[in-house]
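Note sheet for the following structure.
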Protein chains: 2
Amino acid sequence: MTTPHPDPLTLDVIELIGAVVARYHEEYDRAAADHALTGAQARVLSLLSVDPMPMRKVARTLKCEPSNITGIVDRLELRGLVERRPDPADRRVKLAAPTEEGHRTARQLRDALGFAREPLAELSEEERTVLRDLLRRMLGTQREA
Amino acid sequence: MTTPHPDPLTLDVIELIGAVVARYHEEYDRAAADHALTGAQARVLSLLSVDPMPMRKVARTLKCEPSNITGIVDRLELRGLVERRPDPADRRVKLAAPTEEGHRTARQLRDALGFAREPLAELSEEERTVLRDLLRRMLGTQREA
DNA sequence: TATTGTTATACTCTATAACTATA
DNA sequence: TATAGTTATAGAGTATAACAATA
């Protein structure tokens, strides 16, 4: 099912990816905390700032149970960062969308996410292109469509 | 403090890194769940399987409060995967170390972590070397020593 | 009947503060 | 007095199951 014994080079890369994941989270949580948001709240807000969507779809996108989203959006709504709008096409649906302040916060969050920006500044344009293409091919594996 | 307007190429890479982080977590949590462990429990167990250490050091390494580690190790100990040993040199210290079964579980966890192994199989050895070096340079930024 | 969002429940993770036993 | 680990507490995230409104 899986390759049982990766070579040392692959193990190195796996370890480096683990380090990237750890760094990414540190930076993301710090940026969220600067706005008194939890990581989960920041993730939902950022998602909605790209594209408002029904609660159900938020859960699907974040791969968690719909009941969780209720609470997270509750807290964002209490902070005035998100609002629930009716869906004219289906009265069961509630569309979660950032308020104007929510959009501002999401933008600041994105700008504050220094990760991969400062480190990437170390790389030349050509190197960043190579990195982009390698990551794309890695992620392209096991993808549908 | 930070570069305000990354170029499109950099934005692409940042987005890809976000996708890598998401995929990494999916796989990690799934592998942990297969052993009825939470992500946090699996992380602590994996850390200890590399190197048993005082509770305090676990917290420092995972960048969380020491009081959290008490509960996580409690649950791992209840499952028979980890044990607390006295430190002969300092009677305040408790060394957390995997049991034999804990080591087995940690090994299975590592083997089950398909991420970056299957995707990396798509890349040639030369490409993996390039990827490793680029990631190293990215992470090398902002590192002490 | 099926689906959307919610509520209720239980467990885990998390930080903070206070405690204990050592040093 | 300082440090290691723990406890107590409160808030947040998570999954499960049951529910009301709507389709």
Side-chain angles (χ1 to χ4, degrees), chain A residues 21-22 25-26 28-48 52-79 81-97, chain B residues 21-22 25-26 28-48 52-79 81-97:
Chain A
V21 170
H25 269 98
E26 282 171 45
Y28 198 93
D29 289 349
R30 183 190 46 68
D34 286 345
H35 292 269
L37 294 170
T38 65
Q41 289 164 7
R43 258 189 311 280
V44 168
L45 178 59
S46 299
L47 178 63
L48 296 177
M53 60 181 76
M55 308 286 287
R56 204 93 191 170
K57 190 174 176 187
V58 178
R60 263 199 312 274
T61 307
L62 267 49
K63 296 185 206 305
C64 72
E65 292 301 313
S67 57
N68 300 331
I69 305 303
T70 299
I72 295 172
V73 168
D74 278 352
R75 279 160 222 129
L76 288 171
E77 197 163 32
L78 222 62
R79 294 271 307 270
L81 299 175
V82 161
E83 62 186 8
R84 281 179 244 234
R85 299 179 190 151
D87 181 340
D90 186 337
R91 291 198 302 172
R92 292 173 304 179
V93 171
K94 291 176 188 170
L95 296 168
Chain B
V21 170
H25 269 99
E26 282 172 44
Y28 199 93
D29 290 348
R30 183 190 46 67
D34 286 346
H35 291 270
L37 293 171
T38 65
Q41 289 163 7
R43 259 189 309 281
V44 169
L45 179 59
S46 298
L47 177 64
L48 296 178
M53 61 182 75
M55 309 285 288
R56 203 92 188 171
K57 189 173 176 188
V58 177
R60 265 199 312 274
T61 307
L62 268 48
K63 297 185 206 303
C64 72
E65 291 301 313
S67 57
N68 300 331
I69 304 304
T70 298
I72 295 172
V73 169
D74 279 352
R75 281 160 220 127
L76 288 170
E77 198 163 32
L78 222 62
R79 294 271 306 271
L81 299 174
V82 160
E83 61 184 9
R84 280 179 246 234
R85 299 178 190 154
D87 180 341
D90 186 337
R91 290 198 303 172
R92 292 174 303 181
V93 172
K94 292 176 189 170
L95 297 167

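Not measured: the values here are computed from a predicted model. Within every chain, numbering begins at 1; the chains are lettered A, B, ... in the order of the sequence lines, protein sequences first and strands thereafter.
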Practice prompt. Write down the atom of A:Tyr28, the atom of A:Ser46, and the distance for their closest heavy-atom approach.
Written response: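 Distance-wise, the nearest heavy atoms are OH-OG, 3.5 Å.
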Worksheet item: So which heavy atom on B:Ala97 is nearest to which on B:Leu48, and how close?
Response: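 Closest pair (atom of B:Ala97, atom of B:Leu48, distance): N-CD1, 4.4 Å.
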Practice prompt. Among B:Val73, B:Asn68, B:Ile72, B:Ile69, find the one that has a side chain to side chain contact (heavy atoms under 4.5 Å, CB included) with B:Val58.
Written response: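 Among B:Val73, B:Asn68, B:Ile72, B:Ile69, the one that satisfies the side chain to side chain contact (heavy atoms under 4.5 Å, CB included) with B:Val58 is B:Ile69.
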Worksheet item: Under 4.0 Å between a Lys/Arg side-chain N and an Asp/Glu carboxylate O for B:Arg79 and B:Glu77?
Response: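 No, no charged N to carboxylate O under 4.0 Å.
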Worksheet item: Between A:Arg30 and A:Asp34, is there a side-chain N and carboxylate O pair less than 4.0 Å apart?
Response: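 Yes, charged N to carboxylate O under 4.0 Å.
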In whole angstrom, what separates [X]'s [atom1] from [N]'s [atom2]?
| X | N | atom1 | atom2 | value |
| --- | --- | --- | --- | --- |
| B:Leu37 | C:dT12 | CG | C1' | 13 Å |
| A:Gln41 | D:dA12 | CD | C1' | 8 Å |
| B:Arg60 | D:dT3 | CZ | P | 12 Å |
| A:Arg84 | D:dA21 | CZ | P | 17 Å |
| A:Glu77 | C:dG5 | CD | P | 13 Å |
| B:Ile69 | D:dT6 | CD1 | C1' | 13 Å |
| B:Asp29 | C:dT12 | CG | P | 16 Å |
| A:Ile72 | C:dC13 | CD1 | P | 17 Å |

Practice prompt. Considering just the side-chain nitrogens and oxygens of A:Lys94, establish if one lies under 4.0 Å of OP1 or OP2 belonging to C:dT6.
Written response: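 For C:dT6, OP1/OP2 do have a side-chain N/O of A:Lys94 under 4.0 Å.
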Output one line per pair: protein atom, nucleotide atom from nucleotides 18-23 of chain C, and distance, for all N/O pairs under 3.5 Å.
from, atom 1, to, atom 2, distance (Å)
C:dA23, OP1, B:Arg91, N, 3.0

Discussion item. Please compare A:Asp74 and B:Thr38 by the position of their nearest nucleotide in DNA chain C and report the one closer to 5'.
Written reply: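 The residue mapped nearer the 5' terminus is A:Asp74.
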Item to complete: Report the C-alpha distance between B:His25 and A:Lys63 in whole Å, list the side-chain angles of each, state the deciding distance to 0.1 Å, and finish with yes or no for side chain to side chain contact (heavy atoms under 4.5 Å, CB included).
Response: CA-CA 11 Å; B:His25 269 99; A:Lys63 296 185 206 305; over 6 Å; no
Fill in: From B:Arg56 atom CZ to B:Leu95 atom CG, the distance as rounded to the nearest 0.5 Å
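So the gap between those two atoms works out to 14.5 Å.
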Provide a list of protein-nucleic acid N or O atom pairs under 3.5 angstrom, restricted to nucleotides 15-17 of chain D.
from, atom 1, to, atom 2, distance (Å)
D:dA15, OP2, A:Glu65, N, 2.9
D:dA15, OP2, A:Asn68, ND2, 2.6
D:dA15, N7, A:Asn68, OD1, 3.1
D:dT16, O4, A:Ser67, OG, 2.7

Discussion item. Heavy-atom nearest nucleotide on DNA chain D for A:Ala40 versus B:Met53: which residue maps closer to 5'?
Written reply: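 Its nucleotide being nearer the 5' end, the pick is B:Met53.
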Worksheet item: Taking it one step at a time, do B:Met55 and B:Arg84 satisfy side chain to side chain contact (heavy atoms under 4.5 Å, CB included)?
Response: CA-CA 9 Å; B:Met55 309 285 288; B:Arg84 280 179 246 234; 3.3 Å; yes
Item to complete: Return yes if some donor-acceptor pair links the side-chain N/O of B:Arg43 with the main-chain N/O of B:Thr38 below 3.5 Å, else return no.
Response: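 No, the answer is negative, given that no donor and acceptor are paired below the 3.5 Å cut-off.
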Worksheet item: Which nucleotide, D:dG13, D:dT7, C:dT4, lies nearest any side-chain atom of B:Thr70?
Response: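 Looking only at heavy atoms from C-beta outward on B:Thr70, the closest nucleotide is D:dT7.
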